[in-house]
Visitor: 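There's a structure below that I have some questions on.
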Amino acid sequence: MFVPGLIERKRDGGALGPAEWRDLLAAYADGRIPAYQMAALLMACFLRGLAREETAALLDGMLASGSRLDFAHLGRPVVDKHSTGGVGDKVSLVLAPLVAACGVAVPMMSGRGLGHTGGTLDKLESIPGFRTDLSLEETKAQIDRVGCAMIGQTPEIAPVDERLYALRDVTATVECIPLIAASIMSKKLAEGLTGLVLDVKQGSGAFITDPEQSRELAETMIRLGEDRGCPTVALLTAMDRPLGRACGNALEAEEAIMSLRGEGPQDLHDVTLALGVEMLLLAGEAEAADAAARLEEAIGSGKAAEKFEAIIEAQGGNPAVVEDPALLPQAECVEVYYAPSAGTIVEVEPRAIGRAVVQMGGGRQQVDDAVDPTVGFVITARPGQEVHTSEPLASIFARDEAGVALARAALDRAIKIGEGRAAPLPLVAARVTAKGVEDLV
Ligand code: URA
């Protein structure tokens with residue numbers, strides 16, 4: 001294999017054949033191709049795109065680089081959800097225990113923060129003692145026992161994706177539909193699922209900001225899943241403002257716990273329920289007419305919160321945080337942000353918020369940075385709200401005064417107050433299946 005020739009062909013707009021992709025990825029997995037050549041190829045893919053067959057071959061090569069889980073012995077549906085990433089997106093922490101409490105096995109495999117977005121693993125690890133690095137054997141045993149495990153990508157699952165993902169994060173090649181689609185689906189298909197629900201974010205806080213392109217991303221992932229025997233459904237949801245109020249790891253874990261107890265913000269509850277309904281339908285655990293009621297019952301009866309306690313306990317964490325979220329790590333400095341002027345909130349721009357959380361220490365600027373779980377925001381201001389001068393709009397949670405100053409500047413940029421009308425994207429805009437797109441507004 002002559003790698004410079006393959007890079008050159010992609011650079012000039014050509015395509016690689018399935019056997020070329022297979023050999024290339026196998027050689028990369030074995031360490032026979034250096035990262036710099038892979039990075040050059042990724043940039044060529046980013047600039048030129050991938051043909052449909054190439055995206056499929058990339059996915060198959062990433063899947064083939066690792067093992068696949070098999071839950072056939074459970075004799076029951078195994079369903080997961082994956083989000084394309086956003087700010088304040090703590091849905092997985094609520095949804096996994098909620099759906100597991102309704103009798104569906106949920107092997108939830110998640111990632112760490114990427115770019116300006118937070119990661120489920122970092123949020124879970126803000127719970128004292130919580131381990132996300134379970135082995136495949138531990139994961140399988142926990143699914144048998146508890147019905148749900150919330151883990152990171154193990155070295156056995158699509159290891160080539162893990163390496164390409166890290167390379168893309170530092171070479172400005174994340175925002176590319178075929179690369180995102182193959183990356184997400186390689187992890188999900190390795191989980192041995194009987195169904196998959198995708199939360200495809202759209203708006204300025206998403207990786208793919210344009211609503212048309214987010215549909216294309218959803219359709220690409222659905223095709224990859226369905227072609228490999230995994231029924232796949234996507235919802236297109238809003239990421240032109242943070243989801244819920246909390247942004248930052250421990251703050252989001254607390255908000256997720258409140259949501260599991262039925263006391264969380266409405267938008268988080270609504271998105272979680274919409275995705276949960278799709279998971280129950282794919283699992284054949286409920287009819288369309290009663291799926292939402294099943295989920296509401298699991299929250300209202302306390303079963304969903306109990307399931308989260310069981311998951312936390314099984315993964316070495318302190319389950320008492322569910323009763324008492326004050327046991328989560330707390331920030332040194334807490335300050336209130338007040339409206340600098342009166343008017344209508346026209347926008348709460350999520351990307352500026354997500355970047356600020358990273359800069360305050362809540363995410364990584366370099367691969368091996370430690371994450372501070374305590375920092376972030378609780379933003380009560382919502383687009384469309386009328387505010388008067390000096391009304392509290394947010395709370396800042398920081399390590400020190402420099403963090404508070406950084407956070408204030410970010411809120412000044414992110415929260416736009418004016419005379420105009422806010423036109424937020426619909427919370428759940430569309431449902432995409434193999435049959436097509438159904439607009440929900
Ligand atoms: N999430 C993933 O798993 N991969 C991507 O490329 C982007 C988001």
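A quick note: this is a predicted structure, and the numbers were derived from the prediction, not measured.
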Visitor: Considering all heavy atoms of both residues, which atom of Lys10 and which atom of Cys45 are nearest to each other, and what is their separation?
Guide: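 Of all heavy-atom pairs spanning Lys10 and Cys45, the closest is CD-SG, 4.1 Å.
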Visitor: Taking C-beta and beyond as the side chain, do His269 and Glu296 meet within less than 4.5 Å on heavy atoms?
Guide: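 Counting from C-beta outward, His269 and Glu296 do come under 4.5 Å.
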Visitor: Could you check if a side-chain atom of Pro340 sits within less than 4.5 angstrom of a side-chain atom of Ile417, using non-hydrogen atoms only?
Guide: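 Counting from C-beta outward, Pro340 and Ile417 do come under 4.5 Å.
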Visitor: Atom CG of Leu275 and atom CG of Asp199: how far apart are they, to the nearest 0.5 Å?
Guide: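 With rounding to 0.5 Å, CG (Leu275) is 4.5 Å from CG (Asp199).
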Visitor: Backbone N or O of Leu196 within a donor-acceptor pair of the Asp80 side chain at under 3.5 Å?
Guide: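 Absent.
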Visitor: Rounded to the nearest 0.5 Å, what's the gap from CD on Glu252 to SG on Cys247? Could you check?
Guide: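 Reported value, rounded in 0.5 Å steps: 5.5 Å.
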Visitor: With distance as the sole test, does Glu278 use its side chain to make a donor-acceptor pair with the main-chain N or O of Val197 at under 3.5 Å?
Guide: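 No.
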Visitor: Do other residues, nucleotides or ligands put more than 12 heavy atoms under 6.0 Å from Gln330 CD?
Guide: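 Counting neighbours around CD of Gln330, more than 12 heavy atoms of other residues, nucleotides or ligands fall under 6.0 Å, so yes.
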Visitor: For Leu295 and Cys102: C-alpha separation, side-chain torsions, deciding distance, then whether side-chain contact (heavy atoms from CB on, under 4.5 Å) applies.
Guide: CA-CA 7 Å; Leu295 296 163; Cys102 294; 3.9 Å; yes
Visitor: Would you confirm whether Thr194, through its side chain, and Val78, through its main-chain N or O, come within 3.5 Å as a donor-acceptor pair?
Guide: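 Judged by distance alone, yes, a pair lies under 3.5 Å.
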Visitor: So which of Asp169, Asp369, Asp372, Asp122 actually passes salt bridge (charged side-chain N to carboxylate O under 4.0 Å, His left out) with Arg364?
Guide: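 The salt bridge (charged side-chain N to carboxylate O under 4.0 Å, His left out) with Arg364 is passed solely by Asp122 among Asp169, Asp369, Asp372, Asp122.
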Visitor: Is the number of heavy atoms from other residues, nucleotides or ligands under 6.0 Å of Glu156 CD greater than 12?
Guide: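 For Glu156, atom CD is crowded (more than 12 foreign heavy atoms under 6.0 Å).
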Visitor: Working to the nearest 0.5 angstrom, can you tell me the gap between Leu167 CG and Tyr28 OH?
Guide: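 Output value for this atom pair is 4.5 Å.
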Visitor: Considering non-hydrogen atoms only, spot the tightest contact between Lys303 and Ala101 and give its length.
Guide: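 Minimum heavy-atom separation between Lys303 and Ala101: O-CB, 3.9 Å.
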Visitor: Verify side-chain hydrogen bond (donor to acceptor under 3.5 Å, both in side chains) between Ser83 and Lys201, making sure each step is shown before the conclusion.
Guide: CA-CA 7 Å; Ser83 156; Lys201 301 287 184 199; 4.9 Å; no
Visitor: If you measure from OG on Ser110 to CE on Met150, what distance do you get to the nearest 0.5 Å?
Guide: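 Between atom OG of Ser110 and atom CE of Met150 there are 6.0 Å.
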Visitor: Under 4.5 Å between any side-chain heavy atoms of Lys188 and Met221, yes or no?
Guide: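 No, too far: nothing below the 4.5 Å cut-off.
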Visitor: Given side-chain contact (heavy atoms from CB on, under 4.5 Å), test Glu219 with Val432 step by step and report yes or no.
Guide: CA-CA 7 Å; Glu219 285 163 349; Val432 190; 3.9 Å; yes
Visitor: Do Phe377 and Val357 make a side-chain contact, defined as non-hydrogen atoms from C-beta onward lying under 4.5 Å apart?
Guide: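 Yes. Closest side-chain heavy atoms under 4.5 Å.
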Visitor: Taking the side chain from Asn249 and the backbone from Ser126, do they hold a donor-acceptor pair closer than 3.5 Å?
Guide: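 Answer holds: no.
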Visitor: Between Leu280 and Val99, is there a side-chain heavy-atom distance shorter than 4.5 Å?
Guide: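 With C-beta onward as the side chain, the pair touches.
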Visitor: Determine, step by step, whether Arg112 and Glu125 satisfy the salt bridge (charged side-chain N to carboxylate O under 4.0 Å, His left out) criterion, reporting the C-alpha distance in whole Å, the side-chain angles of both residues, the deciding distance to 0.1 Å, and the verdict.
Guide: CA-CA 10 Å; Arg112 301 204 173 272; Glu125 286 174 1; 2.9 Å; yes
Visitor: Do the non-hydrogen side-chain atoms of Arg382 and Ile345 ever get within less than 4.5 Å of each other?
Guide: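 They are not in contact (no side-chain heavy atoms under 4.5 Å apart), so the answer is no.
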Visitor: Quick one: does Ser259's side chain have a donor or acceptor within less than 3.5 Å of a partner on Ala256's backbone?
Guide: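 Not confirmed, Ser259 side chain does not pair with Ala256 backbone.
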Visitor: Specify the closest pair of heavy atoms between Cys148 and Ile311, including all atoms of both residues, with the distance to one decimal.
Guide: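 Taking every non-hydrogen atom into account, SG-CD1, 3.6 Å.
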Visitor: Any side-chain to backbone donor/acceptor pair from Ser65 onto Val160? Under 3.5 Å, distance only.
Guide: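 Checking the backbone N and O of Val160 against the side chain of Ser65, a donor-acceptor pair under 3.5 Å is found.
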Visitor: Distance check, rounded to the nearest 0.5 Å: Leu236 atom CG versus Arg431 atom CZ?
Guide: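 Taking CG in Leu236 and CZ in Arg431, the distance rounds to 11.5 Å.
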Visitor: So how far is it from Gln202 CD to Thr84 OG1, rounded to the nearest 0.5 Å?
Guide: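 Going from CD on Gln202 over to OG1 on Thr84, the span is 9.5 Å.
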Visitor: Using atom types as modelled and distance alone, determine if a side-chain donor or acceptor of Arg131 lies under 3.5 Å from a backbone N or O of Gln315.
Guide: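 No, Arg131 side chain to Gln315 backbone: no donor-acceptor pair under 3.5 Å.
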Visitor: Salt-bridged, Lys187 to Glu162, with N to O below 4.0 Å?
Guide: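 Answer for the salt bridge query: no.
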Visitor: Considering only heavy atoms from C-beta outward, does the side chain of Ile222 approach that of Thr433 to under 4.5 Å?
Guide: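 A side-chain contact under 4.5 Å is absent here.
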Visitor: List the atom pairs, donor and acceptor, that lie under 3.5 Å between side-chain atoms in residues 434-441 and the rest of the protein, sequence neighbours left out.
Guide:
{"residue": "Asp439", "atom": "OD1", "partner": "Arg215", "partner atom": "NH2", "Å": "2.7"}

Visitor: Kindly determine whether Arg168 and Ser183 satisfy side-chain contact (heavy atoms from CB on, under 4.5 Å), including the steps that lead there.
Guide: CA-CA 11 Å; Arg168 287 167 55 219; Ser183 164; 3.7 Å; yes
Visitor: Met108 and Ser92: which non-hydrogen atoms are nearest, and at how many Å?
Guide: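 For Met108 versus Ser92, the nearest heavy atoms are SD-CB, 3.4 Å.
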Visitor: Ignoring hydrogens, what is the shortest heavy-atom contact between Ala218 and Val200? Give both atom names and the distance.
Guide: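 Taking Ala218 first and Val200 second, the nearest heavy atoms are CB-CG2, 3.9 Å.
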Visitor: I'd like to know whether CD of Glu226 has more than 12 heavy-atom contacts from other residues, nucleotides or ligands below 6.0 angstrom.
Guide: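 Counting other residues, nucleotides and ligands, CD of Glu226 exceeds 12 neighbours.
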Visitor: Using atom types as modelled and distance alone, determine if a side-chain donor or acceptor of Lys81 lies under 3.5 Å from a backbone N or O of Val91.
Guide: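 Checking the backbone N and O of Val91 against the side chain of Lys81, no donor-acceptor pair under 3.5 Å is found.
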Visitor: Return yes if some donor-acceptor pair links the side-chain N/O of Gln153 with the main-chain N/O of Ala158 below 3.5 Å, else return no.
Guide: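 Indeed, once roles are kept as given, a pair shorter than 3.5 Å links the two residues.
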Visitor: Would you say that Tyr165 contacts Met62 through its side chain, given a criterion of any heavy-atom pair below 4.5 Å between the two side chains?
Guide: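 A side-chain contact under 4.5 Å is absent here.
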Visitor: Output yes when a side-chain donor or acceptor of Thr220 lies under 3.5 Å from a complementary backbone atom of Glu216, and no otherwise.
Guide: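 A pair under 3.5 Å: yes.
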Visitor: Does the ring centre of His388 sit less than 6.0 Å away from the ring centre of Tyr338?
Guide: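 Distance test on ring centres: not under 6.0 Å, no.
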Visitor: Any carboxylate oxygen within less than 4.0 angstrom of a Lys/Arg side-chain nitrogen, looking at Arg241 and Asp267?
Guide: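 So Arg241 does not pair with Asp267 through a salt bridge.
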Visitor: Evaluate Phe308 against Ile127 for side-chain contact (heavy atoms from CB on, under 4.5 Å), listing each step before the verdict.
Guide: CA-CA 12 Å; Phe308 196 35; Ile127 298 172; 3.9 Å; yes
Visitor: For a quick test of reading the model, state the closest non-hydrogen atom pair linking Leu273 to Ala292 and the distance between them.
Guide: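 Taking Leu273 first and Ala292 second, the nearest heavy atoms are CD2-O, 4.2 Å.
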